[in-house]
Amino acid sequence: VDQANNVSLAKFELKAAGEKVKIESMRVSATVSVLTVGVLRNGAVYANGVQVGSTSDLETVGDSIDTTNEYTTYNFGSSLIVEPGSPVTLEVRADVYDNDGVNGVTAGTTILVTIEGGDLNNATGQVSYTTVDVPASDVAANTVTARQGALTLSKYTAYTNQNAVVPL
């Protein structure tokens with residue numbers, strides 16, 4: 001929904017094989033069809049429904065506002081450990097609202113969230129202590145389209161107006 005808060009924009013499944021893997025950070029970006037949207041407000045990453053890391057605006061790729069920041073790095077510390085045989089659902093949420101409040105996300109705007117990969121050394125095996133890139137290359141979610149609904153209210157005419165006496 002256009003201008004809704006804490007909207008699920010993407011879901012990914014993380015799996016480990018052989019040993020537990022601690023993921024310390026991830027770079028997340030959003031490609032928005034409106035190039036005047038610089039960031040999406042209050043971006044956050046959730047693991048199995050629980051927020052990991054802190055809330056930070058989600059940077060957009062290719063926007064005309066800020067061409068230097070193409071992603072947001074979310075730091076998890078030790079709060080995201082993936083165990084073999086227990087996949088973790090990673091979810092990216094944000095407000096469907098442009099942070100500058102001027103060029104807001106409008107109905108019909110598309111949003112594509114990507115977890116940026118490669119050359120991160122952001123994950124460590126908990127037995128081998130080998131560092132790896134998670135993910136090894138960019139992983140894009142499905143495209144989400146912002147929509148706006150309408151509501152029309154009218155008086156139900158089967159009943160007449162009612163009067164009430166204020167109690168003393």
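All residue numbers in this chain count up from 1 along the given sequence.
- Looking at Thr131, its side chain never comes within 3.5 Å of a backbone N or O of Asn121 through a donor-acceptor pair.
- When hydrophobic clusters are built by joining Ile, Leu, Val, Met, Phe, Trp and Tyr residues whose side-chain heavy atoms come closer than 4.5 Å, directly or via intermediates, Tyr46 is not grouped with Val144.
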Fill in: Worked check of side-chain contact (heavy atoms from CB on, under 4.5 Å) between Ile111 and Leu40
CA-CA 10 Å; Ile111 302 169; Leu40 295 175; 4.0 Å; yes
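- The minimum heavy-atom distance between Ser33 and Gly108, with the atom names listed, is OG-O, 4.3 Å.
- Distance alone, capped at 3.5 Å, places no donor-acceptor pair between the Asp138 side chain and the Glu116 backbone.
- Closest of all the heavy-atom pairs between Ala10 and Ala141 is CB-CB, 3.4 Å.
- Between atom CG of residue Asn42 and atom CG of residue Asn5 there is a gap of 7.5 Å, rounded to the nearest 0.5 Å.
- Considering only residues two or more places apart in sequence or on other chains, Asn142 meets the side-chain hydrogen bond (donor to acceptor under 3.5 Å, both in side chains) condition with none of them.
- Distance check: Leu9 CG to Arg93 CZ gives 10.0 Å after rounding to the nearest 0.5 Å.
- Connection of Val88 to Met26 is established within a shared hydrophobic cluster, with ILVMFWY side chains joined at heavy-atom distances below 4.5 Å, either directly or through further cluster members.
- Here salt bridge (charged side-chain N to carboxylate O under 4.0 Å, His left out) pairs that include residues 141-153, with residues two or more places apart or in two chains, number zero.
- In the hydrophobic clustering of ILVMFWY residues, with side-chain heavy atoms under 4.5 Å counting as a link, Phe76 and Val139 come out together.
- If you chain together hydrophobic residues whose side chains sit under 4.5 Å apart, Val105 and Leu112 never meet in one group.
- Not counting sequence neighbours, the partners of Tyr129 by the side-chain contact (heavy atoms from CB on, under 4.5 Å) test are Thr124.
- The closest donor-acceptor contact from the side chain of Thr109 to the backbone of Thr106 lies under 3.5 Å.
- Residue pairs meeting the salt bridge (charged side-chain N to carboxylate O under 4.0 Å, His left out) criterion with at least one member in residues 3-19, sequence neighbours excluded, are Glu13-Lys15.
- Geometrically, Arg27 does not engage Tyr74 in a cation-pi contact defined by less than 6.0 Å to the ring centre and at most 45° from the axis.
- One hydrophobic cluster, built from ILVMFWY side chains closer than 4.5 Å, cannot hold both Ile81 and Leu14; they sit in different ones.
- Note that the OG1 atom of Thr60 and the CG atom of Asp57 stand 10.5 Å from one another [nearest 0.5 Å].
- Heavy-atom minimum distance, Pro135 versus Leu120: O-CD1, 4.5 Å.
- Pairs of residues two or more places apart, or lying in two chains, that qualify as salt bridge (charged side-chain N to carboxylate O under 4.0 Å, His left out) and include a residue from residues 35-48 are Arg41-Asp95.
- Judged as a side-chain hydrogen bond (donor to acceptor under 3.5 Å, both in side chains), and not counting sequence neighbours, Ser79 has no contacts.
- For Gln162 against Thr160, the heavy-atom pair with the smallest separation is NE2-O, 3.2 Å.
- Counting only heavy atoms from C-beta outward, the side chains of Ser29 and Glu70 never approach each other to under 4.5 Å.
- Asn122 places no side-chain N or O within donor-acceptor distance of the main-chain N or O of Glu24, the cut-off being under 3.5 Å.
- Rounding to the nearest 0.5 angstrom, the gap separating the CG atom in Leu58 from the OH atom in Tyr71 is 13.5 Å.
- Between Ala140 and Phe12, the shortest heavy-atom distance links the atoms C-CE2, 4.1 Å.
- In this structure, CG in Leu80 is found 6.5 Å from CG in Leu90, a value given to the nearest 0.5 Å.
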